[in-house]
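Proteins come first, then strands; the chains are lettered A, B, ... in the order of their sequence lines, and each starts at number 1. None of the values given here were measured: they were computed from a predicted structure.
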Amino acid sequence: YILQGSRWPSNEPLTFRIVKYPTTFPQQFVDAELTKALKLWSSASSLEFEHRKLKKQNEQKSNNLDHKTDIRISFEIGDHGDTEPFDGPGNVLGHAFFPQYGGDAHFDNDEYWTMKSTDGVNLFQVAAHEFGHSLGLEHSNKPDAIMAPFFKGYTPNFTLQEDDIRAIQALYGGKPSKSFSSPLSNSIEAYQAVSKQMAPSVKSSNKNSAICHDPQFDAIITIDDDTYIFKDKFVYRRSKLSMDNDYPKLIHDMFGRWEGGIWQTIPDQIDTAVTWPNQQIFFFKGKHYWKTNRFQLQAGYPRLISDGFRGLDEQHFFTGHLDAAFIYSGDNHTYFIKDAMVWRLNINIEFTNSIDIDYPQFVSSWLHIGEKITSALQWINGRTYFFSYKSYYRYDHINHQVDDSYPTYPRPISEWWLQCKHGASSSETAG
Amino acid sequence: CLTHVENNRLFYAKEFLNRFGYIKTNDSSLDISTSAVRAFQRFVGLNQTGIIDELTWQKMREPRCGNKDLRRIQRRKR
C-alpha cells in the first residue's frame, strides 16, 4: 500500500454527503451502498462516519451544511470542472481527492451502476475504492487489494484485504476494542499494557535477561506479526504481547540454507536489517548484504551493498557499516541511515533501484531527532520507531515529528520493548 | 508502416501512461518509453517486457479508477 501523505484529524466523526445522485439508480440504494462502503473502512480503523442527508432536493445549491461536510459525493457527467473529465461508460469509473485536497469523491454518472449483478459496475466496490483515496490512500500494486486501481468485476463478499487494513491502520490506528480502548491502541506501549494486564505473571526467561543488562541491539525486524531483535550472535523474539521464552536462539541456526552440504548463514553482529512487504529480509554488515526469504537465505549472497542499492557508494563518505535500514511509514520507501546522513531509495526493488536525487540529507534536519540513530523499524502497527542506543522514539509520520504522547519520548527500550524492569534482569523483576 | 489500428493503440497507450502517472510528456509523437511500459507492467503484475503486448493492452482497457497510479518525484522546495 502507499500512503499519500495527508489524513483527516481523527478526533471527530467524518461527515459525508451525497450532493448529486445518479440519474438511473434509486437514491435509497445509493445511500445504502455508499454507507456500506464507508463502513468497510470504519470497521477496520478508528474512523467513524456520519451521513448528512439532503432534506430536500433543492438544498443542493443553497447548502449551508456543505461547509461542515468533510466528504462530498457526486455523480458527474463528462467535464465536471476539476480538469479530470469522465469518459462515458467503461474505462474511468470515478476518482477522489486526498484529504489535503478536500476528500471529495466523484463517480461517472454514465456508468451502468449495479448492486448484485455481474452486469455493469458494482457501486459498492467502486465506492469502497474511491473512499480509500478520500481517506489518504494511493493505489496499491497488490492486485487483490481494494486500493488496486482496476475494477475486478462483481465480487460477492467483497471486503478489505490485509494490505488495505494495514494501510488504513497506518493512518488512523486500529479499531479500539471494549477491553482495550487506549489512545495508544495498536502501539507497542498498548500491547505492553495489555500484556501486563492479561498475564501479570509472565516472565522472560533467564536467557532473555542477558539483553536486559545491556538493552541495546544491532538490528530489529518483523516477520509476520513477530518482532526479531538481533544482538551479537543471538536473536530474541517478541510477539505483540510479550518476549518469547524460547529465545534467544543463535542467528547461525535460524537464518541460512544448505548449499553443497554446507549450512550457509548470515553473519553474527550484523549492522542492521530491514523486512520488505514481500517477506524478503535484507541483512547488512560492513559493505555487504545478505537476502533471505523469511528465514531462508537466498543463493548468491553476500553481495556488495553498492551493487544492490545503487547510489550509496557514490557518496564519497559512505564506507558501509550502516546504522539503520527501514521502511518509513510516511511514504513506504526504504531509507538508510549512516552516522549523520539519511538516504532514500527511489523504489523498493533490489538492483533496479537508485538513491533519490534529493538525498542524502542530514538526519537531524530530516527527523528532528538530534541523537544518533542506531536502529529503526516500521512495526506491525504501521508506525516507525527510531532507536538510539538504549532509548527509542515513536514517530508521528503525519506531522513528521517525534510523537508527542505522554510519557514523552525517548523512552527506555528495556522497559517498553524488552519487558525488563528498572534495568535489572527481567527474570528477577518481570511481573 | 504502422496500420491505423496500431496507431490508435499507441496513441491510446501513450495517453493512458501519461494520465496515470507513468510518463509526463506533451509531445505528439507515438514514441513510448519502454521503461514507462515496464513500470506499468510491474505495477499490475505483468511480465516486464516493455512492449505493449496483448495482455498489457487488455489491462489498459479494463475499467478502473481515474486517480494516478504513480506520483512523479516532486521537486523539493528550495
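Neither the backbone nor the side chain of A:Phe86 comes within contact range of chain B; no heavy atom of the residue lies under 4.5 Å from a heavy atom of that chain. Using a 4.5 Å cut-off between heavy atoms, A:Pro143 does not touch chain B at all.
Atom SG of B:Cys65 and atom NE2 of A:His133 lie 3.5 Å apart (nearest 0.5 Å).
Within 6.0 Å of the CG atom in B:Asp53, the count of heavy atoms belonging to other residues, nucleotides or ligands exceeds 12. Environment of CD in A:Glu162: sparse, with no more than 12 heavy atoms of neighbouring residues, nucleotides or ligands closer than 6.0 Å.
Nearest heavy-atom pair across B:Phe20 and A:Val92 is CZ-CG2, 4.0 Å. Between A:Asn91 and B:Tyr12, the shortest heavy-atom contact is OD1-OH, 3.7 Å.
Of the listed residues (A:Glu130, A:His129, A:Glu138), just one forms a side-chain contact (heavy atoms from CB on, under 4.5 Å) with B:Asn67, and that residue is A:Glu130.
Here A:His139 is the residue among A:His139, A:His95, A:Lys152 with the most heavy-atom pairs under 4.5 Å with chain B. Most heavy-atom pairs under 4.5 Å with chain B, from the set A:Gly90, A:Gly153, A:Ala148, A:Ser140: that is A:Ser140.
Below 30°, between 30° and 60°, or above 60°: for B:Phe40 and A:Phe150 the angle between ring planes is above 60°, a perpendicular geometry.
B:Arg19 has a carboxylate O that lies under 4.0 Å from a charged side-chain N of A:Glu84, or vice versa, which qualifies the two as a salt bridge.
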